[in-house]
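Comments concern the structure below.
Numbering starts at 1 and runs along the sequence shown. Owing to the predicted nature of the structure, the values given are computational and were not obtained by experimental measurement.
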Amino acid sequence: MNLITTVIFIAAALSTVLVIISFWLPLISPDQEKVSPYECGFDPLGSARLPFSMRFFLVAILFLLFDLEIALLLPLPWGHQLPTPTTTFFWAALLLALLTLGLIYEWLQGGLEWAE
């Protein structure tokens with residue numbers, strides 16, 4: 001019982017310290033961006049109909065695609081325990097090859113160039 005009480009006390013103390021630091025730390029150096037209600041980088045008082053860059057969306061979609069690739073390949077180390085591990089590794093290699101070819105295509109087409 002003494003161990004449980006000690007762990008609860010340490011967790012509560014650490015949580016309290018972190019909450020106090022998180023409220024105190026941003027007040028150290030407030031500037032125009034920190035006190036602004038919007039932190040997205042757009043002017044909140046300007047027009048809401050500003051055009052977005054298509055390159056931004058392309059990079060965001062590529063990020064999501066490769067993030068999905070990591071999620072799909074995460075269980076691969078346990079693939080050798082399946083009844084047909086060679087089939088599992090074949091499909092994983094095929095997925096990696098397809099995504100690599102897509103990345104090379106985007107690179108050669110100039111889709112990854114942020115500035116012109």
Show the nearest heavy-atom pair for residues Gly79 and Pro85, with the distance to one decimal. O-CB, 3.5 Å
Quick check on the hydrophobic clustering: are Leu72 and Leu62 connected, directly or via other members, by side-chain heavy-atom contacts under 4.5 Å? yes
Would you tabulate the side-chain donor-acceptor contacts of residues 86-103 under 3.5 Å, counting partners in other chains and residues two or more places apart, or write 'none'?
unit_1: Thr88; atom_1: OG1; unit_2: Thr84; atom_2: O; d: 3.4
unit_1: Thr100; atom_1: OG1; unit_2: Leu96; atom_2: O; d: 2.6

Tell me which donor-acceptor pairs under 3.5 Å the side chains of residues 7-20 have, and how far apart each pair is, sequence neighbours excluded?
unit_1: Ser15; atom_1: OG; unit_2: Ala11; atom_2: O; d: 2.8
unit_1: Thr16; atom_1: OG1; unit_2: Ala12; atom_2: O; d: 2.7

If hydrophobic residues (ILVMFWY) are linked whenever their side-chain heavy atoms come closer than 4.5 Å, directly or via other members, who joins Leu108 in its cluster? Ile104
Distance in Å, Glu106 CD paired with Leu65 CG, rounded so as to fall on 0.5 Å steps: 9.5 Å
